[in-house]
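Notes follow the structure.
Computed from a predicted structure; not experimentally measured. Count residues from 1 along the sequence.
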Amino acid sequence: MLARDDSNDITGRFRCEALDAVATTGQREEGVLTMLTGPSPGFVYTLDAPSLTFGRSADADVVIADRGLSRIHARITREPRGFVFEDMLSTNGSYIQGQRVAKPQRLEDGQRISMGINTLLRFSLHDAVEQNAARMTRDLTMRDPLTRLYNRRHLNDRLMSEVAYARRHDVALTVLLVDIDRFKRVNDEHGHVVGDRVLRELADTLHTIVRTEDVLARYGGEEFVIIARAIDEYGANSLGERVRAAVAGMRVQGASGLFGITASVGTAHAKKGQVAEAMPLLETADQALYRAKNEGRNRVVMQFPRPTARRSGVVPRKGE
């Protein structure tokens, strides 16, 4: 007579017990804000800290790139009785359910908060399981799935706030645009799986170079962006050279062995007191990158933002 194997029953019972534990709704005491309209619709902010400030300044805990927001526009504080919203004497005011906030006000589940020109947020109360899911959703909206770096959407928001910070504190601002040389050849010779490996390993390499306060993002394709505040012209050029040398020193495993890559770096440096608008700064880095490609690749070229700067001449296409 064959002995009965109960291992599957035991595994199934434990699995059901685990599912029951998370399927049961817990106490809803975790706060979440979802952007309904504004610079990043669908973006989720989890209210994990005891107090969070909101505004268009890089000094705010939560930066929202809405020109109608004050630098520090509002604050949400977690108290024993719940979450309390406070307008920080903003220029344009804050509104809950269409009513202007004149004094600290307790937030209720489902209420809508409007600030700035077109920023509308929905406040929700979650239990622990829902809060964890909200954190994962937030991460997905900010990160590139392949490299886990910030994505272009989040980069645009951060660039605007970094420009505002540089102007207010009178510091320099540097943007580096890093592009892998002849990346199309990597995909053609080694395949797209290896090409993806190159992108991931390059992202890891760049992480070892940038400072904690710097912004590192995947701009698209084989392009990466670094935003570095408060470094001078020499420091900006040195940072570009460190990036270039680190990439040149990489060795990636291909089907037939290890191979190397190089990258060109376009650096836009705005001196303190001369920080341009966000997009001209990025465009200047793009122009410098084209010069680096045109001058032989595997090099760093620096340019300074000019209001009327234009690209001219015949230049290599991206990925070349």
Note to self: Is there a path of hydrophobic side-chain contacts, each under 4.5 Å between heavy atoms, that joins L47 and V63?
What the structure shows: no
Next item on the list: Determine whether V62 and V84 fall in the same hydrophobic cluster, where Ile, Leu, Val, Met, Phe, Trp and Tyr are linked whenever their side-chain heavy atoms lie under 4.5 Å apart.
Entry: no
Note to self: Through direct or indirect side-chain contacts below 4.5 angstrom among Ile, Leu, Val, Met, Phe, Trp and Tyr, which residues connect to L36?
What the structure shows: L120
Check: Taking the hydrophobic residues Ile, Leu, Val, Met, Phe, Trp and Tyr, and joining any pair whose side-chain heavy atoms are under 4.5 Å apart, which ones share a cluster with M88?
Finding: I72
Could you state the interatomic distance from [atom1] ([X]) to [atom2] ([Y]), rounded to the nearest 0.5 Å?
{"X": "M279", "Y": "M160", "atom1": "CE", "atom2": "CE", "result": "10.0 Å"}
{"X": "D214", "Y": "I209", "atom1": "CG", "atom2": "CD1", "result": "11.0 Å"}
{"X": "L289", "Y": "L177", "atom1": "CG", "atom2": "CG", "result": "5.0 Å"}
{"X": "I226", "Y": "T174", "atom1": "CD1", "atom2": "OG1", "result": "10.5 Å"}
{"X": "L206", "Y": "L216", "atom1": "CG", "atom2": "CG", "result": "5.5 Å"}
{"X": "L121", "Y": "M35", "atom1": "CG", "atom2": "CE", "result": "5.5 Å"}

Looking at [X] and [Y], would you say the former's side chain and the latter's main chain have a donor-acceptor pair under 3.5 Å?
{"X": "R299", "Y": "E295", "answer": "yes"}
{"X": "S124", "Y": "D109", "answer": "no"}
{"X": "R148", "Y": "R143", "answer": "no"}
{"X": "R218", "Y": "G221", "answer": "yes"}
{"X": "D144", "Y": "N151", "answer": "no"}
{"X": "T37", "Y": "N118", "answer": "yes"}

Looking only at heavy atoms, which two atoms of [X] and [Y] are closest? And how far apart?
{"X": "A285", "Y": "V175", "value": "CB-O, 3.8 Å"}
{"X": "V186", "Y": "G195", "value": "CG1-CA, 4.3 Å"}
{"X": "A60", "Y": "G55", "value": "CB-N, 3.6 Å"}
{"X": "S94", "Y": "M115", "value": "OG-CG, 3.8 Å"}
{"X": "G82", "Y": "R106", "value": "CA-NE, 4.4 Å"}
{"X": "L173", "Y": "A166", "value": "CB-CB, 4.1 Å"}

Item checked: CA sep, side-chain torsions, deciding dist, call: Y290, V301, side chain to side chain contact (heavy atoms under 4.5 Å, CB included) -> CA-CA 9 Å; Y290 270 91; V301 170; over 6 Å; no
When you compare the side chain of [Y] with that of [X], does any pair of heavy atoms fall below 4.5 Å?
{"X": "Q105", "Y": "I96", "value": "yes"}
{"X": "T34", "Y": "Y45", "value": "no"}
{"X": "I180", "Y": "V198", "value": "yes"}
{"X": "L282", "Y": "L159", "value": "yes"}
{"X": "I227", "Y": "L155", "value": "yes"}
{"X": "D204", "Y": "T208", "value": "no"}
{"X": "L107", "Y": "I113", "value": "yes"}
{"X": "T147", "Y": "F224", "value": "yes"}

Cut-off 3.5 Å, no hydrogens considered: what does the side-chain donor-acceptor table look like for residues 238-248, sequence neighbours left out?
from	atom 1	to	atom 2	distance (Å)
S238	OG	Y234	O	3.0
E241	OE1	R244	NE	3.1
R244	NH1	N298	OD1	3.2

Note to self: Considering only residues two or more places apart or on different chains, which pairs with a residue in residues 76-103 satisfy ring-ring contact (aromatic ring centres under 6.0 Å, His included)?
What the structure shows: F83-F123
Next item on the list: Kindly indicate, with the supporting measurements, whether the criterion salt bridge (Lys or Arg N to Asp or Glu O under 4.0 Å) is fulfilled by R229 and E162.
Entry: CA-CA 7 Å; R229 65 167 69 159; E162 289 296 323; 2.9 Å; yes
Margin query: Once side chain to side chain donor-acceptor pair (under 3.5 Å) is applied, what residue pairs with a partner in residues 56-67 remain, sequence neighbours excluded?
Written below: T53-D61, S57-R168, D59-R168, D59-H169, D66-T119
Margin query: Applying side chain to side chain contact (heavy atoms under 4.5 Å, CB included) to D127 and E30, what does each step give before you reach the verdict?
Written below: CA-CA 6 Å; D127 66 13; E30 305 296 333; over 6 Å; no
Item checked: Audit row: D188, R185, salt bridge (Lys or Arg N to Asp or Glu O under 4.0 Å) steps and yes/no -> CA-CA 5 Å; D188 290 344; R185 183 183 298 179; over 6 Å; no
Item checked: Counterpart residues, salt bridge (charged side-chain N to carboxylate O under 4.0 Å, His left out), relative to R100 (two or more places apart) -> none
Next item on the list: Would you please name every residue forming a salt bridge (charged side-chain N to carboxylate O under 4.0 Å, His left out) with E189, sequence neighbours left out?
Entry: none
Next item on the list: State plainly whether the residues R182 and E222 are in salt-bridge range, i.e. N to O under 4.0 Å.
Entry: no
Next item on the list: Please assess R251 against E201 for the test salt bridge (Lys or Arg N to Asp or Glu O under 4.0 Å), listing each intermediate value before the final yes or no.
Entry: CA-CA 9 Å; R251 293 297 178 267; E201 294 189 13; over 6 Å; no
Checklist line | Residues V44, L33; criterion side chain to side chain contact (heavy atoms under 4.5 Å, CB included); working and verdict | finding: CA-CA 6 Å; V44 175; L33 290 176; over 6 Å; no
Margin query: Which residues pass the ring-ring contact (aromatic ring centres under 6.0 Å, His included) test with F259, not counting sequence neighbours?
Written below: H190
Next item on the list: For Y150, check ring-ring contact (aromatic ring centres under 6.0 Å, His included) against everything at least two apart and list the hits.
Entry: H154
Margin query: Tell me every residue that passes side chain to side chain donor-acceptor pair (under 3.5 Å) with S90, counting only those two or more places apart in sequence or in another chain.
Written below: H73, D87
Next item on the list: Please step through side-chain hydrogen bond (donor to acceptor under 3.5 Å, both in side chains) for the pair D181 and S264, ending with a clear verdict.
Entry: CA-CA 6 Å; D181 296 324; S264 300; 2.7 Å; yes
Next item on the list: Report the residues that fulfil side-chain contact (heavy atoms from CB on, under 4.5 Å) with Q97, sequence neighbours left out, ordered by chain and then residue number.
Entry: Q111, R112
Margin query: Run the side-chain contact (heavy atoms from CB on, under 4.5 Å) test against M302 and tell me which residues pass, sequence neighbours left out.
Written below: E233, A236, N237, T267, H269, F304
Check: What do the steps show when you test D157 against R153 for salt bridge (Lys or Arg N to Asp or Glu O under 4.0 Å), and what is the final call?
Finding: CA-CA 7 Å; D157 290 343; R153 179 180 179 181; 5.9 Å; no
Item checked: CA sep, side-chain torsions, deciding dist, call: S51, R78, side chain to side chain contact (heavy atoms under 4.5 Å, CB included) -> CA-CA 6 Å; S51 178; R78 183 168 190 164; over 6 Å; no
